[in-house]
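Since the structure is predicted, the reported quantities are computational estimates derived from the model, not experimental observations.
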Amino acid sequence: KIFNAIVLVDKENALKKAKQADFAIKNGRKCGKLHGVPITIKDNYLTKGLKTTSGYCPLSNHVAEKDADIVSLLKSEGAIIIGKTNLSVLAMDMQADNPIFGKTNNPWNTSKTSGGSSGGCAAALAAGMTPLSFGNDLAGSLRLPSAYCGVYALKPSFGVASLKGIQTDPKEKIDGLKSLAVPGPLARNVVDLELSLSIITKTTKSFRRLVPLIQNRKTFEIKKLKIAWADEFAEVPVDMEIKKAIKKFVGNLEKAGATVVKVTPNIDFLNTWKTWGSLVGMQGGYATSNFTKLLGLPFTKKVLKHVPMHQNIVKPISVKKYMIALNFQDTQITLLENFLDEYDAFICPVSAITAFKHHSPSKSYGNFNIYNTPLKVNGKDVHYYMATQAYTIPFTLTESPVLSLPIGLSSNSMPIGVQVVGKRYHDFDLLQIGKVLARYSDTISYPLGED
């Protein structure tokens, strides 16, 4: 309970499966890619016979009758699910905290957050509880926790892995999120991410609508890489220690022979944040009437004044506004893909700050937390959601694959990570590039359960 990362343990069944795995090997039976490997799953994936709560009180006793597609694929390759990891309520916050299980503590410093919403996954990895964990990402829920806990994560291209079987609010009878969100793996190295990606990007009998990944599997050399990078953009300040670490990292790449260019993609960040909110609000909030949204506008307008990514979530919707949002998304995808024609990858911050002390919301609006107390970035006030989501959301909207890569520690021994952004559907190439880049980051020795 020091870290509160794994909140549901399937001990009896895990031991049974482990014995079966040993027996299979002794008898020369064919083994899957993860035969006998103990893994953890975020507690919003349906897992047959186990509770799946999503950290949401109405689901506190909910036992899944079937497996999510990702869970089924992992089991088919011999993985043994030892438990479920903690998250925020319905995966809707950037800290792993909920009224059922409480908050997850960062293994590097238990007074600080592990990030969210897949914070339990990242903390379990950093503390040595699991070699692999699987979460999901809509606004940075894989990338932020991995950066805060010093582990690796992959947000795949949108549409290459199935979301079928992720538990949402049971009041919503129709699954509204049809874009942006993705499932993905977290690990202690890029090789394990690559193995995981090869498993979860398969179609299942229950879901065939997946985009095949490009499988050219190139070999990349540091001296032939051309990397774009930025340590800050869109007028959202970044902690000086993060900026210093990024400059050191890209300097190492340049010394090793890579071509590095400090440049920011020509993305309209303000409208990218707003459009992400439009799509989330229109898809996730389809069941809320425009009349109800209108009644709430006087309250939300003031609260969300400095949070562009959430302003449109709560606004009334229309077919015209939905089409405008989709067309803007198309434009930003094209801009970034054209930008990446010139570079092998783009490196930028994951977050404006490293892991911060547990931060309580001021109030809640439905299942959405409101934070009136800002976070401090270089001594200045920055809104909680701007500090945590401003750098991740643009690459959700562009549907890009993003590798979250740890590059070192801050002066107070907290992990620092970067986003490595690749071209859509070139996820395997991105991971090959990530293997090369990881050689030039500072070595991190995990706390392994020590406070």
Side-chain angles (χ1 to χ4, degrees), residues 6-18 20-21 32-92 98 100-101 117-118 120-121 124 130 132-138 141-142 156 158-178 181-186 196-210 283-284 287:
I6 300 176
V7 291
L8 294 166
V9 179
D10 192 18
K11 181 178 178 180
E12 184 177 334
N13 191 52
L15 290 172
K16 179 182 175 182
K17 293 291 184 183
Q20 291 174 348
K33 294 178 179 179
L34 292 175
H35 186 86
V37 176
I39 67 169
T40 52
I41 301 287
K42 186 177 179 179
D43 188 31
N44 65 345
Y45 282 103
L46 294 177
T47 311
K48 187 176 180 180
L50 284 179
K51 284 186 180 180
T52 302
T53 75
S54 288
Y56 185 45
C57 286
L59 292 167
S60 58
N61 293 310
H62 172 244
V63 177
E65 297 179 354
K66 58 182 179 180
D67 287 327
D69 279 357
I70 295 295
V71 174
S72 179
L73 288 168
L74 293 167
K75 285 182 176 179
S76 72
E77 292 290 350
I80 299 174
I81 297 171
I82 59 173
K84 309 291 284 292
T85 57
N86 206 23
L87 72 170
S88 51
V89 178
L90 293 171
M92 289 177 62
N98 63 71
I100 300 175
F101 300 115
S117 60
S118 307
C121 295
T130 179
L132 268 179
S133 199
F134 293 82
N136 27 70
D137 189 310
L138 174 64
S141 288
L142 287 164
F158 174 76
V160 303
S162 174
L163 287 163
K164 192 173 181 63
I166 290 182
Q167 179 67 61
T168 55
D169 190 336
K171 295 194 297 290
E172 298 174 359
K173 303 302 180 184
I174 301 172
D175 181 8
L177 283 176
K178 293 299 180 185
V182 296
L186 303 92
S196 301
L197 185 66
S198 71
I199 295 169
I200 67 172
T201 50
K202 296 177 182 176
T203 57
T204 66
K205 289 185 177 180
S206 61
F207 194 79
R208 296 284 182 178
R209 190 183 178 186
L210 293 182
Q283 295 177 13

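- Listed for the Asp67 side chain is a donor-acceptor partner under 3.5 Å among the backbone atoms of Lys48.
- Counting only heavy atoms from C-beta outward, the side chains of Leu186 and Leu142 approach each other to under 4.5 Å.
- When side chains are defined from C-beta on, Ile41 counts as touching Leu74, because their heavy atoms get closer than 4.5 Å.
- Note: Leu73 CG to Lys33 NZ = 10.5 Å, rounded to the nearest 0.5 Å.
- Nearest heavy-atom pair, Ile80 versus Gly36, reported as atom, atom and distance to 0.1 Å: CD1-CA, 3.8 Å.
- Atom NZ of Lys66 is surrounded by 12 or fewer heavy atoms from other residues, nucleotides or ligands within 6.0 Å.
- Asp10 is linked by a side-chain hydrogen bond (donor to acceptor under 3.5 Å, both in side chains) to Asn13, counting only residues two or more places apart in sequence or in another chain.
- Atom CG of Asp43 is separated from atom OG of Ser117 by 11.5 Å, given to the nearest 0.5 angstrom.
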Inset, instruction - Start with the C-alpha gap between Ile199 and Leu34, add the side-chain angles, then the distance that decides, and say whether side-chain contact (heavy atoms from CB on, under 4.5 Å) holds. - result: CA-CA 9 Å; Ile199 295 169; Leu34 292 175; 3.6 Å; yes

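- A donor-acceptor distance shorter than 3.5 angstrom exists from the side chain of Ser118 to the backbone of Asn136, with no hydrogens or angles considered.
- When side chains are defined from C-beta on, Ile39 counts as touching Ile81, because their heavy atoms get closer than 4.5 Å.
- Only one option out of Lys42, Gln167, Lys84, His62 pairs with Thr52 in a side-chain hydrogen bond (donor to acceptor under 3.5 Å, both in side chains); it is Lys84.
- Thr130 places none of its side-chain heavy atoms less than 4.5 Å from the side chain of Pro38.
- Here the NE2-CD distance, from His35 to Gln20, works out to 9.5 Å after rounding to the nearest 0.5 Å.
- Residues meeting the side-chain contact (heavy atoms from CB on, under 4.5 Å) test with Ser196, sequence neighbours left out: Leu132, Phe134, Pro185.
- Remark: the backbone N or O of Phe101 is paired with a side-chain donor or acceptor of Asn98 at under 3.5 angstrom.
- Using modelled atom types, no side-chain atom of Thr40 and backbone atom of Ser133 make a donor-acceptor pair closer than 3.5 Å.
- Distance check, rounded to the nearest 0.5 Å: CD1 of Ile70 to OG1 of Thr201 gives 8.5 Å.
- Tyr45 places a side-chain N or O within 3.5 Å of a backbone atom of Gly135 that can act as its donor or acceptor partner.
- Applying the side-chain contact (heavy atoms from CB on, under 4.5 Å) criterion to Lys164, with sequence neighbours excluded, gives Asp69, Ser162, Ser206, Phe207.
- Every side-chain contact (heavy atoms from CB on, under 4.5 Å) that Val182 has, sequence neighbours left out, goes to Asp137, Lys155, Pro156, Phe158.
- Here Ser60 pairs with nothing under the side-chain hydrogen bond (donor to acceptor under 3.5 Å, both in side chains) rule; sequence neighbours left out.
- Taking each heavy atom of Ile6 and Gly83 in turn, the nearest pair found is CG2-CA, 4.1 Å.
- Here the CG atom belonging to Leu163 is positioned 9.5 Å from the CG atom belonging to Leu210, to the nearest 0.5 angstrom.
- For Pro183 against Ile200, the heavy-atom pair with the smallest separation is O-CD1, 4.4 Å.
- In plain terms, the two heavy atoms of Met92 and Ser88 that are nearest each other are N-OG, 3.2 Å.
- For the atom pair CD1 of Ile100 and CG of Leu59, the computed distance is 7.0 Å after rounding to the nearest 0.5 Å.
- Ser76 meets the side-chain contact (heavy atoms from CB on, under 4.5 Å) test with no other residue; sequence neighbours excluded.
- Side-chain atoms of Thr203 do not come within 3.5 Å of backbone N or O of Arg208 as any donor-acceptor pair.
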